[in-house]
Student: 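A single structure is presented below for examination.
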Amino acid sequence: MDSKVQLASSSRIAHYFVDESGDGVLFNAKGQVLVGQPGGAMGHFIMGLLEADDPVALSLDLEQLRADLKADPYFKNVPSFQPERGKTAVAFHAKDDLPEVRREVFKLLLRHAVKFYAEVRDMRAVLSYVRERNGRNGTYRYHPNELYDSSVARLFKNRLHQYESCRVCYAVRGSSDRTKSFADSLVLARDRFAKQWDKQVATSIEVTAAQPFQQAGLQAVDYMLWALQRHYARQESRFLEMVWDKVSLIHAVDETDKAPYGVYYSKTKPLVGAALKNKVGI
């Protein structure tokens with residue numbers, strides 16, 4: 001399903017691929033907090049965007065890499081390479097792929113003209129915000145979609161005005177079609193930018209939803225997200241360091257002890273080694 005929104009003007013077509021790491025869940029079915037509990041929710045929710053200059057070339061190269069790996073006797077009896085398992089044999093997914101496979105995918109991404117952006121939310125800060133809001137309004141009920149949509153709006157706020165046309169493909173979440181909600185988040189991002197800078201934005205935007213096996217760009221953004229989440233969840237930064245040349249901007253929203261709107265990490269201000277802080281606000 002496609003949804004077109006008229007939004008700014010610039011020069012060419014942008015190809016964006018969007019996915020998330022973490023589910024944004026705060027409570028279980030009994031209302032008990034999952035954040036910080038053993039086996040509970042991830043400590044960070046990350047919304048990632050990959051901009052690809054040539055998504056067709058990226059797709060062809062990833063398909064060729066998978067074909068080469070499948071033909072390699074080294075992987076012959078590996079479960080994730082069996083088509084019926086629906087894993088590496090069908091699409092690259094960093095969580096499921098072997099370390100040997102991950103290294104090859106990361107090396108491939110480094111050869112392509114891609115840029116990665118991300119919004120990082122500390123789930124402890126989100127929990128604090130929800131509790132504070134519940135204290136002011138007893139009828140308020142948090143839903144993970146709220147965090148997802150607000151993260152999309154933040155992620156695209158400074159992206160939409162740069163091109164004449166943007167093609168945005170986001171990874172399917174669950175069974176419901178959220179294309180309209182996603183498009184609405186882009187409108188919110190457009191409006192925030194226009195209000196802040198007093199400018200009109202007229203970019204043509206096409207929004208589509210897809211499964212990772214249908215869009216190689218979604219497989220690529222998954223890998224970048226995995227590297228970033230690995231840094232936050234395990235303080236294991238070697239994967240992120242490997243691909244840092246492809247990182248344009250990481251917004252740590254809840255590091256507000258350093259700046260009121262969080263901290264922005266880039267090539268000139270690398271994330272690796274940075275302290276992880278938290279504060280409140282969705």
Side-chain angles (χ1 to χ4, degrees), residues 1 3-7 18-49 117-160 168 170-196 201 205 207 209 225 229 232-233 250-264 276-282:
M1 176 179 177
S3 177
K4 294 188 177 180
V5 184
Q6 292 303 312
L7 299 180
V18 182
D19 199 359
E20 80 278 2
S21 177
D23 56 18
V25 174
L26 291 174
F27 312 100
N28 63 18
K30 297 180 179 180
Q32 298 169 322
V33 174
L34 295 174
V35 178
Q37 300 303 313
M42 281 188 177
H44 292 81
F45 175 87
I46 308 175
M47 182 67 64
L49 177 155
Y117 305 84
E119 294 288 325
V120 181
R121 299 305 314 267
D122 188 323
M123 293 304 293
R124 295 169 300 175
V126 176
L127 176 62
S128 294
Y129 166 84
V130 170
R131 283 173 165 167
E132 185 272 336
R133 187 167 173 182
N134 278 139
R136 291 185 286 110
N137 180 1
T139 63
Y140 169 71
R141 294 294 181 268
Y142 168 80
H143 191 283
N145 284 345
E146 178 183 354
L147 180 60
Y148 181 98
D149 294 341
S150 65
S151 297
V152 169
R154 288 177 187 269
L155 190 61
F156 278 93
K157 179 183 176 184
N158 295 314
R159 305 270 82 78
L160 298 178
V168 184
Y170 73 94
V172 172
R173 299 172 66 239
S175 58
S176 61
D177 184 352
R178 301 199 72 249
T179 303
K180 183 181 183 303
S181 294
F182 194 99
D184 288 345
S185 296
L186 297 184
V187 171
L188 178 60
R190 174 204 63 187
D191 292 346
R192 285 177 175 174
F193 176 88
K195 181 178 180 180
Q196 180 177 351
V201 182
I205 295 185
V207 179
L225 280 166
Q229 186 67 264
Y232 280 103
I250 304 295
H251 181 199
V253 178
D254 300 303
E255 290 188 24
T256 50
D257 61 322
K258 301 175 183 178
Y261 299 105
V263 178
Y264 293 86
L276 306 181
K277 303 292 184 180
N278 73 303
K279 199 168 183 283
V280 303
I282 290 183

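Here, residue 1 is the first one in the sequence, and each next residue gets the next number.
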Student: Quick one: sort the Phe182 and Phe156 rings into parallel, tilted or perpendicular, breaks at 30° and 60°.
Tutor: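 If you compare the ring of Phe182 with that of Phe156, the planes turn out perpendicular.
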Student: Is it true that a side-chain atom of Tyr142 and a backbone atom of Arg131 form a donor plus acceptor pair closer than 3.5 Å?
Tutor: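 No, because the side chain of Tyr142 does not come within donor-acceptor range (under 3.5 Å) of the backbone of Arg131.
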Student: Please answer whether the main-chain N or O of Phe45 pairs with a side-chain N or O of Glu20 as donor and acceptor at a distance below 3.5 Å.
Tutor: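 Such a contact is absent between Glu20 side chain and Phe45 backbone.
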Student: I need the minimum non-hydrogen distance between Gly22 and Gln229, along with the two atoms involved.
Tutor: N-NE2, 4.4 Å
Student: How far does CG of Leu186 sit from OG of Ser181, to the nearest 0.5 angstrom?
Tutor: 11.0 Å
Student: Using the side-chain hydrogen bond (donor to acceptor under 3.5 Å, both in side chains) criterion, which residues pair with Arg141? Sequence neighbours excluded.
Tutor: none
Student: What's the shortest heavy-atom distance between Met42 and Met123, and which atoms?
Tutor: O-CG, 3.3 Å
Student: Which residues pass the side-chain hydrogen bond (donor to acceptor under 3.5 Å, both in side chains) test with Ser151, not counting sequence neighbours?
Tutor: none
Student: Any ion pair linking Lys180 and Asp184 (charged N to carboxylate O, less than 4.0 Å)?
Tutor: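 Lys180 and Asp184: salt-bridged.
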Student: Measuring from atom CG of Leu155 to atom CD1 of Ile46, what distance do you get when rounded to the nearest 0.5 angstrom?
Tutor: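 Between atom CG of Leu155 and atom CD1 of Ile46 there are 12.0 Å.
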Student: Using atom types as modelled and distance alone, determine if a side-chain donor or acceptor of Asn134 lies under 3.5 Å from a backbone N or O of Tyr140.
Tutor: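 The answer is yes, because a donor-acceptor pair under 3.5 Å joins these two groups.
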Student: Once rounded to the nearest 0.5 Å, what's the spacing between atom CZ of Arg121 and atom CE of Met47?
Tutor: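 Separation between the atoms: 11.0 Å.
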Student: What heavy-atom pair brings Val152 and Ser185 nearest, and what distance separates the two atoms?
Tutor: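 The answer is CG1-CB, 3.6 Å.
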Student: Under the side-chain contact (heavy atoms from CB on, under 4.5 Å) rule, what do Arg173 and Asn145 come out as? Steps first, then yes or no, please.
Tutor: CA-CA 10 Å; Arg173 299 172 66 239; Asn145 284 345; 3.0 Å; yes
Student: Could you measure the distance from the NZ atom of Lys157 to the CG atom of Asp191? Nearest 0.5 Å is fine.
Tutor: 11.5 Å
Student: Would you confirm whether Asp254, through its side chain, and Asp122, through its main-chain N or O, come within 3.5 Å as a donor-acceptor pair?
Tutor: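 Present.
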Student: Heavy atoms only: give me the nearest Ala189-Ala153 pair and the separation to one decimal.
Tutor: CB-O, 3.3 Å
Student: Between Arg178 and Asp149 (salt bridge meaning N to carboxylate O under 4.0 Å), is one present in this structure?
Tutor: yes
Student: Check His251 against Gly262 and note the closest heavy-atom contact, atom names and distance.
Tutor: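 Smallest heavy-atom distance, with atoms named: NE2-CA, 4.1 Å.
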Student: Donor-acceptor pairs are to be reported for all side-chain atoms of residues 24-35 against protein atoms at under 3.5 Å, with residues two or more places apart or in another chain.
Tutor:
residue	atom	partner	partner atom	Å
Asn28	OD1	Lys30	N	2.9
Asn28	OD1	Gly31	N	3.1
Asn28	OD1	Gln32	N	2.9
Asn28	ND2	Gln32	OE1	2.7

